[in-house]
Amino acid sequence: MVVDTDDLRTKLEQKGELMLAVSEFDEPLEMHLHDTEIEDGTVRIQLTDGVLTFDTDEVVAVWHHTHSLADFGLED
């Protein structure tokens, strides 16, 4: 999968948050519009204790992440 920088930025702007699988990390990453910069083939996610930086060509999957009332035990 090849991820285009502009497409990734557009998807994030449309959805507000995205999940990513990145080849160099074992767990999926969550990126939000307010804490992520995507430019020149690089993604930078501002975390509470530093900045995570990786190349867009390391992204192997992208999906929109949602929550439901059931996720929080609040279903009727």
Side-chain angles (χ1 to χ4, degrees):
M1 171 182 198
V2 175
V3 175
D4 179 74
T5 301
D6 292 332
D7 289 342
L8 188 58
R9 186 182 313 108
T10 298
K11 286 180 184 179
L12 181 60
E13 289 171 354
Q14 289 172 345
K15 301 293 185 180
E17 68 179 39
L18 292 173
M19 296 297 291
L20 300 173
V22 179
S23 62
E24 60 188 280
F25 303 112
D26 293 333
E27 297 295 322
L29 301 174
E30 187 170 354
M31 56 182 203
H32 301 93
L33 188 56
H34 69 273
D35 63 11
T36 304
E37 294 177 25
I38 305 168
E39 55 187 44
D40 299 327
T42 302
V43 177
R44 286 178 206 79
I45 302 174
Q46 183 69 44
L47 305 172
T48 57
D49 58 352
V51 177
L52 181 63
T53 303
F54 54 90
D55 293 334
T56 56
D57 61 0
E58 297 296 321
V59 176
V60 295
V62 178
W63 65 97
H64 183 233
H65 163 85
T66 61
H67 296 284
S68 68
L69 291 175
D71 292 341
F72 302 107
L74 300 171
E75 68 275 313
D76 290 334

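Residues Phe54 and Ile45 are in side-chain contact: their nearest non-hydrogen atoms beyond the backbone lie under 4.5 Å apart. Inter-residue side-chain proximity for Arg44 and Glu39 is flagged as met; some heavy-atom pair is nearer than 4.5 Å. In this structure the side chain of Thr42 never reaches within 4.5 angstrom of the side chain of Thr56, judged on heavy atoms. Counting heavy atoms from C-beta on, the side chains of Thr5 and Asp40 never come closer than 4.5 Å. Annotation: side chain of Glu17 is in contact with side chain of Glu30 (closest heavy-atom distance under 4.5 Å). Asp35 has its side chain out of reach of Leu47: every pair of non-hydrogen atoms, C-beta onward, lies at least 4.5 Å apart.
Summarising the geometry, atom CG belonging to Leu12 is positioned 10.0 Å from atom NE2 belonging to His34; distances are rounded to the nearest 0.5 Å. We find the NE2-CD distance between His64 and Gln14 to be 10.5 Å, quoted to the nearest 0.5 Å. Atoms CG and CE, on Leu20 and Met31 in that order, are 4.5 Å from each other to the nearest 0.5 Å. Atom NZ of Lys11 and atom CG of Asp4 lie 9.5 Å apart (nearest 0.5 Å). Residue Leu29 holds its CG atom at 9.0 Å from CD of Glu24, rounded to the nearest 0.5 Å. Here the straight-line distance linking atom OG of Ser68 with atom CG of Leu74 works out to 9.0 Å at 0.5 Å rounding.
Under a cut-off of 6.0 angstrom, the local environment of CD in Glu27 is sparse, with at most 12 non-hydrogen atoms contributed by other residues, nucleotides or ligands.
Hydrophobic clustering (ILVMFWY, side-chain heavy atoms < 4.5 Å, transitive): Met19 and Val60 are in distinct clusters. In the hydrophobic clustering of ILVMFWY residues, with side-chain heavy atoms under 4.5 Å counting as a link, Leu18 and Val51 come out apart. The hydrophobic clustering, which links ILVMFWY residues whose side-chain heavy atoms are closer than 4.5 Å, places Trp63 and Ile38 apart.
Put simply, the residue from Val43, Val59, Val22 that forms a side-chain contact (heavy atoms from CB on, under 4.5 Å) with Val3 is Val59.
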